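Note that the structure is predicted; figures quoted are calculated from it, not measured. Chain letters run A, B, ... following the sequence lines, proteins first, then strands; residues in each count from 1.
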Amino acid sequence: MKRLKRSFFVRPTLKVARELLGKFLVRKIKKEKLLGKIVETEAYIGPEDKASHASGGRITKRCQIVYSNGGRVYIYLCYGIHWMLNIVTAPKDKPECVLIRALESLGKEEKLKKIASGPGKLCNWLNLDKSFYGEDLAKSKRIWLEDKGVKIKKSQIISAERIGIDYAGAWANRLWRFYIKDNNFVSRK
DNA sequence: TGTCCGATATCCT
DNA sequence: GGATATCGGACAT
């Protein structure tokens with residue numbers, strides 16, 4: 001079992017966003033473990049990034065955790081319904097993070113249902129909510145990331161425009177969404 | 001493929 | 001107090 005350590009997250013955000021593809025998100029609920037392979041991510045790189053909650057150097061109660069050292073969870077409610085799971089990256093005081101947009105879940109049944117093919121859906125599946133705000137992925141006993149030796153070649157990584165951030169003007173078309181080519185569990189191609 | 005809209009914490013004026 | 005948001009399911013077209 002190779003849990004990703006803090007050093008993995010405290011690196012340039014675009015690098016982390018790409019390298020998260022193929023890693024496994026592990027969620028432990030009581031004695032049960034839910035596992036999903038990360039197949040889609042998006043980078044948010046403030047304070048320049050207009051699409052980031054930390055745009056312009058804003059420090060609000062909601063987004064203050066993205067200013068912390070890499071490796072923590074940034075989670076918030078969107079549209080009044082959906083929780084969004086982000087992983088804080090980069091060193092302390094740099095407001096950068098990666099949104100986890102889709103997982104390929106293990107197990108036949110889940111596969112058929114595409115139960116985690118979207119940022120809101122995966123949080124619902126893994127039962128993630130406000131109580132995970134600030135959770136330390138390097139230490140937590142209920143959520144962490146593992147490297148299971150899956151290698152994603154550079155040629156298999158597609159870069160695309162981020163989703164749902166039209167309000168961010170020119171920043172909306174930066175190619176900061178990454179997903180695994182031909183993977184059926186990506187939220188949108 | 002497109003349009004509609006839920007349901008609410010958080011941010012801003 | 002008002003506007004808005006890193007979506008997703010439903011139903012029409």
(message) Using every non-hydrogen atom in the two residues, find where A:D136 and A:R6 come nearest and quote the distance to one decimal.
(response)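 Taking A:D136 first and A:R6 second, the nearest heavy atoms are OD2-NH2, 2.7 Å.
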(message) To check you understand the geometry: which heavy-atom pair defines the closest contact between A:W171 and A:R162, and what is its length?
(response) O-NH2, 2.8 Å
(message) In terms of relative ring orientation, are A:Y79 and A:H82 parallel, tilted or perpendicular, with 30° and 60° separating the classes?
(response) perpendicular
(request) Decide yes or no for A:Y179 and A:R188: does some side-chain heavy atom of the first lie under 4.5 Å from some side-chain heavy atom of the second? (result)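 Sidechains of A:R188 and A:Y179: no contact.
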(request) Report yes if some heavy atom in the side chain of A:V66 is under 4.5 Å from a heavy atom in the side chain of A:E96; otherwise report no. (result) no
(message) Ring of A:F8, cation from A:R11 - is the NZ or CZ under 6.0 Å from the centre and inside 45° of the axis?
(response) yes
(request) Indicate for each nucleotide in nucleotides 1-13 of chain C, in 5' to 3' sequence, whether protein heavy atoms under 4.0 Å reach the base (B), only the sugar-phosphate (S), or nothing (-). (result) ----BBBSS----
(message) As a check on the pairing definition, encode DNA chain C in dot-bracket form, counting Watson-Crick and G-U wobble pairs whose two distances are under 3.5 Å, and using | for partners outside this strand.
(response) |||||.||||||.
(request) Indicate, with a heavy-atom threshold strictly under 4.0 Å, whether A:R162 touches base, sugar-phosphate, or nothing. (result) nothing
(message) Taking 4.0 Å as the cut-off, does a side-chain nitrogen or oxygen of A:T60 come that near to OP1 or OP2 on B:dT10?
(response) no
(request) Please indicate whether A:K94 has more than 12 foreign heavy atoms, meaning atoms of other residues, nucleotides or ligands, lying under 6.0 Å from its NZ. (result) no
(request) Report, as yes or no, whether the 6.0 Å neighbourhood of atom NZ on A:K189 holds more than 12 heavy atoms from other residues, nucleotides or ligands. (result) yes
(message) Measure CD1/A:I75 against P/B:dT10 and give the value in whole Å, please.
(response) 12 Å
